[in-house]
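Reckoned from all heavy atoms, side chains included, excluding hydrogens, waters and symmetry mates. This structure is a prediction, so every number in the text was calculated from the model and none was measured.
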Amino acid sequence: MKYLLSLLILLAGVKMAQSQSMGIPFSRYYSSQEYQGGIQNYAITQHASGILYVANNYGLLIHDGTTWRRQSLPNSTKIRHVAVNEKGMVYASGQGEFGIFMPDKLGRLQFHSLKDSLPENLRDLDEVWKVYLGEENLYFCTSNSIFVYTTDHEFDYSLESSEGFESFHFHNNSLIVNERGTGLLQIQNGSFSPLNPFFSDKLVTGLLPAGPDRFLVFTRDNGIFTSSGKSTENWPGGQNLTINAALRLKDGTIAVATQLDGLLLLDPAGTERMKMDRQNGLNNNSVVSLFEDLSGNLWLGHNNGLSLIQLSLPFSKINHFSGLTGTGYHATFHEGNFYFGTNNGVYVREAATTNSMEWLPNSTGQVHQIKPIQDRILIAHNDGAFVLQDGVSRQIGAPEGIWNFQPLRNHPELILSGGYFGLHLFEIREDSIRYLRKIEGFNESSRIVEQDDQGNIWVAHGYKGLYKLQLDETLETAEVSYFGSEQGLPTDILNNVWKINNRLVVTTQAGIFRYNESRNSFERDSFFSTYFEEGSLIHYLAEDQMGNIYFIGETETGVLEKEVDGSYSKQFQVFNPLLPLLNDDLQNISVMRGNEVLFAANEGFIRFSLNDNAFDPPVFPTLIRAAYLTGAADSLIFAGNTGEQLPLPSIRIPYKQANIRFESSNPTPNNEKDLRYQYWLEGFEDGFGQWVARREKAYTNLREGSYTFHVRSKNLYGVVSPEATFSFEILPPWYRSQTAYLIYLTLLILSAFLVYRLVEKRYQKKTLQLKTDSQKVIEAKESELKVSRKEVERLKTERLKQEIQIKDKELAAATMHLINKNGFIDQMRNNLNSITKKSKNQEVKNEIQKVIKTIEKNIAEDQDWEQFEIHFDQVHGDFMARFKKEYDNLSPQEIKLSAYLRMNLSTKEIAYLMNISVRGVEIARYRLRKKLQLERSDNLQEYILKF
């Protein structure tokens, strides 16, 4: 029995440990200043598009994931409750008013009151507390009346209470009320049917189905009960609380909103899974409303503000709310306890309890590692090496600055430790741990240390490279081999060594490499190439007991989850929220239990468990939330609200106002800083542009035509949402409008007709004149043509004569040169004759005589002169013939002299041609003047030239 009792206690403890969550979920608080509304939020609901609606002190709050908007009731009073149907109609109830918010033709929400459709005697309203949407009816609930409407918004009937209604609850298309003095009543067939009178004096604040005809009933001041017909029993959970609301979540967890104690999460048996209050993650202990959104997140409406609890994420934070302070560096799980190392020391938490963290005495300062070895907890610390003994951290005599510990391969009694200045050895004894020595031959910082199967020690230095150490037999000295870019590594910096799948791998700036022992160099690891791009920089790798590989990279963090068949699936999108939160000093992933790790964070740690990872990134449509015509003052043309009853408006924009700006959003919760958008204006651009962070897109000076604006978004998890479109038309300027073109065409036709008539009259008038003028012109042209022909013939004749004269002059000149040549030859002959007469050498005389005969044979002086006369007369108009006829008494020499004078030759030239002296030429001229009978005053040469 004792053994059985102990086993039951142990099992209960295990169940308790499993049911309790370590840390708090990711959350976000929205203050009234942020959402620009009142402090109290009474109800929350959500449309299928992802838009959130909140009943607030100042009216209706609308959240599209990025911005908050507010709509007021006509009387500007509080809105107490809100509901939305699939068509996008938002039903609201408040102080003295109830009705529907519907979009108008520009997409602006407008309130349509239903109060006026009530009978006159029912219109004097106070608070309208609730509105519920049934399949066939709508219910608006006040303290004394329930107004029932059809789904077509027609008033059907009302139900009254003389004592007053305390609360209202809607389940399975049925309205249940808590009436003072009567208890729980259910509306059936237009009247009340009693359910349970036990709650006649209790304020019921929550009602959850717990089975067929069975409910969990939550009261404000009296705890929680289970009710089945007339039977009522206390429920074990949530006692001694002031409960404002209760909600069953999709996973079966029960969320309880309290007035003073924050949020309580209970399992279906009533066991507490989590509590959140001001000391544990909430900004406000008072929770008045609860809502689970489409993403699985829990929204809390406070008396002051709103909180988003991201229960859908498989992460929880272990930070100052958990009693742990400082930046997280390393953690471990050993024998039912969690140990956390921060820059403030070591914290311990028992897994089986909900107790806060306990700080480990004598551990103050920077902790680098907490390592269980042979049932000992060793602490690598900035101040040296420590061991946990009797709940206190006790220092081991060792140098300061210890990074890590690990058992030395093949030496189970020894511990290898990496320090700030090399490697150290520790010895494990039965009752203590003793520092032995520093290993000689290596003095580099050894934060990352691994051992291979051969017993080699690998040390990665952040900016120097990789080292392989081989210890000698005495384990006192190490032989060091250096590995850098010359040994296959891309660079010498940012290289880290890890042991994954029982083998060593090295992460580098250019991907993951492995050691090739036969080549003594590194090569790319083909296993990781499947999951990481070639240039991926991985800062940290860790493998858990199940073979899952966790990683922290430069741009992504995640896990390679090992499947049943031994393959791996990469998950990283869900880890994107972690990236800005992780410790960027010394990255670390601490393996705790199977499928469970802790990421070192800037504030404590972040827990992740594959067992809890049912996260499916939400896919919400991209929303166009507004469209403006921009200018000196922006003009709203679309307010972003549409529904099935009102499609997107057809927009026609004047040409002068062709400047338009769009605002977009995506309702993914707590994602506004990480959303990225792509835009495309069809009709102006060829396709989608680059992903950008701006939610606004503007276009200016658009030409006339039809356009369709496309926008799509990508959330933090890399999910691309369906696009939204908005079509509009830019009208042409007035001078390019259809009316203008019709006027232009009419004027053109009229002008053409007038011009035609005018031209026709002018043509007829001018035709006759043209005929007369044409005949005159033709006759004149014919006359001119005849004259032109004669002139052409004359010009041709003169041109031919000029050509002949030029040729004759050339020939005459050539003839003169020939005569000159003959004269020279004749002179030479005379000289040769003179020589023969004088020479006494008979042989010479004979030879000269032969030359003289040859000369005489080839001279034809008379023929040359006759030929000269012919050409001379052609050039000078038959001068020779005319001159001889006029003066027949002239000798041949005088005729030649006259010809030379006609040619305007000089006296020397004439003397040379006539083979006489200059004096002889002058005498010949004198004789010629006598024969020509010229006076002394007459010039002989002028006379001859004019003859």
Side-chain angles (χ1 to χ4, degrees), residues 21 23-46 50-70 82 244-245 247 249 253 255-265 274-313 315-325 576-578 580-581 601-607 618 665-675 715-716:
S21 174
I24 60 172
F26 283 25
S27 62
R28 167 82 180 275
Y29 176 71
Y30 297 89
S31 68
S32 58
Q33 289 77 19
E34 184 171 356
Y35 57 69
Q36 293 295 299
I39 59 174
Q40 290 180 311
N41 298 283
Y42 304 104
I44 307 167
T45 191
Q46 187 177 34
I51 295 181
L52 204 73
Y53 299 95
V54 182
N56 182 263
N57 269 356
Y58 286 1
L60 178 67
L61 300 181
I62 306 163
H63 183 48
D64 59 16
T66 304
T67 61
W68 292 87
R69 299 181 181 180
R70 180 163 53 87
V82 63
N244 289 328
L247 177 68
L249 306 183
T253 301
V256 180
T258 73
Q259 181 65 28
L260 302 174
D261 298 285
L263 172 70
L264 195 66
L265 296 181
M274 182 191 303
K275 182 179 181 181
M276 296 185 69
D277 53 22
R278 287 185 62 86
Q279 286 72 43
N280 197 30
L282 291 185
N283 287 68
N284 192 311
N285 279 345
S286 178
V287 182
V288 297
S289 58
L290 298 169
F291 177 73
E292 185 179 20
D293 68 14
L294 297 173
S295 302
N297 303 304
L298 182 60
W299 289 83
L300 312 181
H302 297 290
N303 269 316
N304 188 355
L306 283 164
S307 289
L308 168 65
I309 312 299
Q310 294 185 269
L311 297 177
S312 59
L313 292 178
F315 305 107
S316 57
K317 295 180 180 180
I318 304 171
N319 52 23
H320 62 281
F321 289 117
S322 304
L324 180 148
T325 62
N576 289 344
L578 269 61
L581 307 177
N602 294 328
E603 296 182 3
F605 295 86
I606 298 174
R607 175 185 177 271
S665 184
N666 181 298
T668 302
N670 196 23
N671 194 210
E672 58 267 34
K673 295 181 180 178
D674 300 288
L675 282 173
N715 64 19
L716 174 64

Visitor: Rounded at 0.5 Å granularity, tell me how far CD1 in I51 sits from OG1 in T45.
Guide: 12.0 Å
Visitor: Side-chain contact test, heavy atoms from C-beta onward, threshold under 4.5 Å: evaluate it for V54 versus Y35 and give yes or no.
Guide: no
Visitor: Mind listing the closest non-hydrogen atom pair of P577 and P580 along with its distance?
Guide: O-CD, 3.5 Å
Visitor: By side-chain hydrogen bond (donor to acceptor under 3.5 Å, both in side chains), which residues pair with N319, not counting sequence neighbours?
Guide: none
Visitor: Going by side-chain hydrogen bond (donor to acceptor under 3.5 Å, both in side chains), name the residues that satisfy it together with S32, two or more places apart in sequence or in a different chain.
Guide: none
Visitor: Quick one: ring pair (Phe, Tyr, Trp, His ring centres under 6.0 Å) partners of F291, sequence neighbours excluded?
Guide: none
Visitor: Taking all atoms of both residues into account, what is the closest heavy-atom pair of I318 and G23, and its distance?
Guide: CG1-CA, 4.0 Å
Visitor: Could you go through V287 and L290, starting from their C-alpha distance and side-chain angles, then the distance that decides it, and tell me whether this counts as side-chain contact (heavy atoms from CB on, under 4.5 Å)?
Guide: CA-CA 8 Å; V287 182; L290 298 169; 4.0 Å; yes
Visitor: Report yes if the side chains of S307 and N284 come closer than 4.5 Å at any heavy-atom pair, otherwise no.
Guide: no
Visitor: Kindly say whether A257 contributes a backbone atom to a donor-acceptor pair with the side chain of N244 at under 3.5 angstrom?
Guide: no
Visitor: Which pairs with one or both residues in residues 50-67 pass salt bridge (charged side-chain N to carboxylate O under 4.0 Å, His left out), sequence neighbours excluded?
Guide: D64-R625
Visitor: Quick one: side chain to side chain contact (heavy atoms under 4.5 Å, CB included) partners of E292, sequence neighbours excluded?
Guide: L247, L249, K250
Visitor: Hey, what do you get for CG (L61) to CG (N56), rounding to the nearest 0.5 Å?
Guide: 4.0 Å
Visitor: Roughly how far, to the nearest 0.5 Å, is CD1 of I39 from OH of Y58?
Guide: 8.0 Å
Visitor: Determine, stepwise, if the pair L581 / K317 fulfils side-chain contact (heavy atoms from CB on, under 4.5 Å).
Guide: CA-CA 10 Å; L581 307 177; K317 295 180 180 180; 4.2 Å; yes
Visitor: Can you see which heavy atom on G65 is nearest to which on S665, and at what distance?
Guide: C-OG, 4.2 Å
Visitor: Sequence neighbours excluded, which residues qualify as ring pair (Phe, Tyr, Trp, His ring centres under 6.0 Å) partners of F26?
Guide: F315
Visitor: Ignoring hydrogens and geometry, is there a side-chain-to-backbone donor-acceptor pair from R70 to Q36 under 3.5 Å?
Guide: yes
Visitor: Can you find a heavy atom in the side chain of L282 that is under 4.5 Å from one in the side chain of I309?
Guide: yes
Visitor: Quick one: does N715's side chain have a donor or acceptor within less than 3.5 Å of a partner on D674's backbone?
Guide: no
Visitor: As an exercise, state the distance from CG of L324 to CD of E603, rounded to the nearest 0.5 Å.
Guide: 10.5 Å
Visitor: Please find the pair of heavy atoms, one from L311 and one from P25, that lie closest to each other, and give the distance.
Guide: CD2-CG, 3.9 Å
Visitor: Return the orientation label for the W299 and Y30 ring planes: parallel under 30°, perpendicular over 60°, tilted otherwise.
Guide: parallel
Visitor: How about CD on Q310, more than 12 heavy atoms from neighbouring residues, nucleotides or ligands closer than 6.0 Å, or not?
Guide: yes
Visitor: Does R278 have any salt bridge (charged side-chain N to carboxylate O under 4.0 Å, His left out) partners at least two apart in sequence or in another chain, and if so, which?
Guide: none
Visitor: Would you compute the distance between atom OH of Y29 and atom CG of L300 and round it to the nearest 0.5 angstrom?
Guide: 11.0 Å
Visitor: Could you pull out all residues at least two apart from N303 that satisfy side chain to side chain contact (heavy atoms under 4.5 Å, CB included)?
Guide: Q40, Q259, S286, V288
Visitor: Only counting residues at least two apart or in another chain, list the ones meeting side chain to side chain contact (heavy atoms under 4.5 Å, CB included) with S295.
Guide: D293, N297, P618, F620, P669
Visitor: Among all residues two or more places apart in sequence or in another chain, which pass the salt bridge (charged side-chain N to carboxylate O under 4.0 Å, His left out) test with D277?
Guide: none
Visitor: Mind jotting down which residue pairs meet the salt bridge (charged side-chain N to carboxylate O under 4.0 Å, His left out) criterion with at least one end in residues 26-43? Sequence neighbours excluded, please.
Guide: R28-E34, R28-E672
Visitor: Atom CG of L52 and atom CD of Q46: how far apart are they, to the nearest 0.5 Å?
Guide: 5.5 Å
Visitor: Any side-chain heavy atom of L298 sitting closer than 4.5 Å to one from L263?
Guide: yes
Visitor: Identify the heavy atoms of S27 and G281 that sit nearest to each other, and give their distance.
Guide: OG-O, 3.9 Å
Visitor: Main chain of K275, side chain of N280: is a donor-acceptor contact present, judged purely on distance under 3.5 Å?
Guide: yes
Visitor: According to ring pair (Phe, Tyr, Trp, His ring centres under 6.0 Å), who are the partners of H302, at least two apart in sequence or on a separate chain?
Guide: none
Visitor: What heavy-atom pair brings G301 and I44 nearest, and what distance separates the two atoms?
Guide: N-CD1, 3.9 Å
